[in-house]
Amino acid sequence: ACSAGTGMSLTQDASTGDEVIVVSCYVEGLQVGSLITLNGVIYEVAAIAVPSGRRRLAAALPITLETGLTGAASFGDSVQVVHPPSSPPPSLSPSPPPPSLPPSPPPPSASPSPPPPS
């Protein structure tokens, strides 16, 4: 799997019409049915390689797409998983109002003391 902060990127060039792309690592959450973007185009994942005991970590990690590529892609191009809209980013939820502060006590009276009786 990709280490934290590392995204997927192509480890091989891909041509228009290809249905399999090869990536450097699988990001967490990638699964059949996931949507990924490559060069701004969204594709649906049809299959991913299942790691087996014989597969070495350095082996190519293919992602099979439901549809062929609409354009060529190059080594190193970024592949990103599109998260489903069912989990909106937390930034969209309204922030709770700040807690109201208790009223501050009134300042001491600044009126001058009455003059002493003459």
Is there a side-chain contact between L69 and V41 in this structure, where contact means two heavy atoms from C-beta onward sitting under 4.5 Å apart?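 They are not in side-chain contact.
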Mind checking whether I63 and L30 have side chains closer than 4.5 Å, heavy atoms only? yes
Under the side chain to side chain contact (heavy atoms under 4.5 Å, CB included) criterion, do D77 and L38 qualify, and how do the steps go? CA-CA 7 Å; D77 282 353; L38 173 59; 4.0 Å; yes
What pair of heavy atoms forms the shortest contact from [X] to [Y], and how long is it?
X   : Y   : value
G76 : S9  : O-CB, 3.8 Å
A72 : N39 : O-ND2, 3.7 Å
G7  : C25 : O-SG, 3.8 Å

Would you check if the side chain of Y26 reaches a backbone N or O of Q31 as a donor-acceptor pair within less than 3.5 Å? no
Under 3.5 Å, is there a donor-acceptor pair between the side chain of T37 and the main chain of I42?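 Judged by distance alone, no pair lies under 3.5 Å.
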Could you tell me the separation between the [atom1] atom of [X] and the [atom2] atom of [Y], rounded to the nearest 0.5 Å?
X   : Y   : atom1 : atom2 : result
E19 : T67 : CD    : OG1   : 7.5 Å
T11 : I21 : OG1   : CD1   : 9.5 Å
T70 : D18 : OG1   : CG    : 11.5 Å
E66 : L35 : CD    : CG    : 10.0 Å
Q80 : S34 : CD    : OG    : 13.5 Å

Check the hydrophobic clustering (I, L, V, M, F, W, Y; side-chain heavy atoms under 4.5 Å; chains of links allowed) and say if [X] and [Y] are grouped together.
X   : Y   : value
V20 : Y43 : no
I48 : M8  : yes
V45 : L10 : yes
V81 : V22 : no

